[in-house]
Number of protein chains: 2
Amino acid sequence: MLNYSTSEENYIKTIFHLQVDNDTVTTNALAHELLTRPASVTDMMKKLKTKKLVQYQPYKGFRLNMEGKKVALSIIRRHRLWEFFLSEKLKFDWDEIHDVAEELEHVSSRKLVDKLDEFLGYPKFDPHGDPIPDVHGKMENFQRVSLSALPFNTLAEVCLVSNQSSGMLEVLRHKNIAIGTKLEVKKKFGFDNSLEIKIRQQAPVTISEQLAKNIFVKYGS
Amino acid sequence: MLNYSTSEENYIKTIFHLQVDNDTVTTNALAHELLTRPASVTDMMKKLKTKKLVQYQPYKGFRLNMEGKKVALSIIRRHRLWEFFLSEKLKFDWDEIHDVAEELEHVSSRKLVDKLDEFLGYPKFDPHGDPIPDVHGKMENFQRVSLSALPFNTLAEVCLVSNQSSGMLEVLRHKNIAIGTKLEVKKKFGFDNSLEIKIRQQAPVTISEQLAKNIFVKYGS
DNA sequence: ATATTTTTTTAGATTTGTCTAAATTTTAAT
DNA sequence: ATTAAAATTTAGACAAATCTAAAAAAATAT
Ligand SMILES: [Mn+2]
Ligand SMILES: [Mn+2]
Ligand SMILES: [Mn+2]
Ligand SMILES: [Mn+2]
């Protein structure tokens, strides 16, 4: 895989994210996302086309091709591994890691990334719950977050309980929650950050903030 | 402290290293060191002068001023902390760390560097034995390396023994070596990498490779 | 179907960092 | 003191990445 400039990488990565939702990516959308001007996007699309990373016909929008997606995944891999490092090892707060990772992701030594991955224990998800691509670009196709970070009215499945104390297990059994349980969050009470959740046919249940933080769910396509 | 471009930082750092030996740094020396052309150096010196980081009069060479030195030290701090990280945590070989650190040093988040420093346990020396500047730019003014990395005929002082086993201590006592002993390496036998060392008035002694690797000495201005 | 608005592209300029070739200054040699 | 050589600077060009303003194309509205 060739080396690309920081600017090229930022374009490639952002196209990747945009084309998940929108089949074909528009000049304006990309310009808006990258805080740049449509004219700059057009210039870059010409360049990425000659480098055979995107399909692009003037006025018709663009998409990454196979090679483009491979490059994008390797950038996303670096970004999320660094985010994990910053959060897990350096104890950064969640809201501080993104901007730093945005710079670190452009240090492109293959060996660095793979050794970092090993050092971190091959994590599968970054601190935001987004899946981390492995060496081959493969990753889980769902998000994994704590219940307190799950968007409302989104069906999700319990996949992990971080605190395994007997007290925790007791309250889980009482509320009818176990690995594999499908649920959604209906409401949050700002007073104590407790959540009202709904499991299939059952009546709504209330969950404390502490409990919610220790229950991890997966959701998404 | 302002932010500087990668290119500016590489110039600043290299001037710092060159002006240790040479009182005033020349255009050619810097161009040679940075693998660039003298004309490019002149251009950059004009810029660094307007940014008040160097003293520079055409044809007279240049030096970093106080602010320039401060910036240089913060770049060297980042460089050496990352080298330590790569070697200590990611288990890179010594000869692979420099090029990667050359890139990582330009990620300038202050918080990142300070948290990395903390994570690493505030190391005082990088894997090459070069001192690491602290948050305030202060550092030891000597090198610390294992005896096997000490240049020939350089007076040095034993300051650390990494292996404290009784066998180790026995052989050290027998050879009259202790913390504070002043010595120099005279010769290396390629066959088994053993070293001939000289302690003050005493007759020369031979030291095995294994032993040499565990004895650390300090030397330099 | 035409006119209007929005989107996208082109044309031309700018900034940063680099280069080569030529001019200038300094240093060294005769 | 001249002359030759070396070091440095200037002049002018170029590539990368960006911008503004104008032109062109596509989408929308009447
Ligand atoms: Mn992120
Ligand atoms: Mn980025
Ligand atoms: Mn560097
Ligand atoms: Mn080093």
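A, B, ... follow the sequence lines: proteins, then strands. Residue 1 opens every chain.
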If I take atom [atom1] in residue [X] and atom [atom2] in nucleotide [N], what distance separates them, rounded to the nearest angstrom?
| X | N | atom1 | atom2 | value |
| --- | --- | --- | --- | --- |
| Leu48(A) | dT18(D) | CG | P | 11 Å |
| Phe62(A) | dT7(C) | CZ | C1' | 12 Å |
| Lys46(B) | dT16(C) | NZ | P | 14 Å |
| Met45(B) | dT10(D) | CE | C1' | 16 Å |
| Tyr59(B) | dA23(C) | OH | P | 13 Å |

### Message
With a 4.0 Å cutoff (strictly under), does any side-chain N or O of Ser5(B) reach OP1 or OP2 of dT16(C)?
### Response
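Checking Ser5(B) against dT16(C): no side-chain N or O falls below 4.0 Å of OP1 or OP2.
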
### Query
Would Asn28(A) and Thr26(A) satisfy side-chain hydrogen bond (donor to acceptor under 3.5 Å, both in side chains), going step by step from the backbone distance to the final call?
CA-CA 5 Å; Asn28(A) 270 356; Thr26(A) 68; over 6 Å; no

### Task
For the residue pair Phe85(A) and Phe119(A), categorise the inter-ring angle as parallel (less than 30°), tilted (30 to 60°) or perpendicular (more than 60°).
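Because their plane-to-plane angle lies in the 30° to 60° range, the rings of Phe85(A) and Phe119(A) count as tilted.
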
### Task
On the 0 to 90° scale, with breaks at 30° and 60°, tag the Phe125(A)-Phe142(A) ring pair as parallel, tilted or perpendicular.
tilted

### Task
Would you check if the side chain of Ser87(A) reaches a backbone N or O of Glu83(A) as a donor-acceptor pair within less than 3.5 Å?
no

### Message
Among Leu53(B), Val54(B), Leu30(B), exactly one meets side-chain contact (heavy atoms from CB on, under 4.5 Å) together with Tyr11(B). Which residue is that?
### Response
Leu30(B)

### Query
Between Arg144(A), Gln143(A), Lys218(A), which is the residue that forms a side-chain contact (heavy atoms from CB on, under 4.5 Å) with Pro131(A)?
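Result for side-chain contact (heavy atoms from CB on, under 4.5 Å) with Pro131(A): Gln143(A).
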
### Query
Quick one: which of dT26(C), dA24(D), dT18(C) gets closest to the side chain of Lys60(B)?
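The answer is dT26(C), which lies nearest to the side chain.
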
### Message
Please compare Val25(B) and Tyr11(A) by the position of their nearest nucleotide in DNA chain D and report the one closer to 5'.
### Response
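Result of the comparison: Val25(B).
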
### Query
What are the residues of residues 51-58 of chain B, sorted by number, that bring a heavy atom to within less than 4.0 Å of DNA chain D?
Tyr56(B), Pro58(B)

### Task
Taking only heavy atoms on the protein side, list every residue of residues 26-44 of chain A lying under 4.0 Å from any atom of DNA chain C, sorted numerically.
Thr26(A), Thr27(A), Asn28(A), Pro38(A), Ala39(A), Thr42(A)

#### Entry: Pairwise side-chain contact, Thr154(A) with Glu184(A), heavy-atom cut-off 4.5 Å (strictly under)
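Side chain of Thr154(A) against side chain of Glu184(A), heavy atoms only: no contact under 4.5 Å found.
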
### Task
Please tell me if the side chains of Val135(B) and Arg110(B) come closer than 4.5 Å, counting only heavy atoms from C-beta onward.
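With C-beta onward as the side chain, the pair touches.
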
### NZ/NE/NH1/NH2 to OD/OE distance under 4.0 Å, Lys115(B) and Glu96(A)
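Judged by the 4.0 Å cut-off on N to carboxylate O distance, Lys115(B) and Glu96(A) do not form a salt bridge.
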
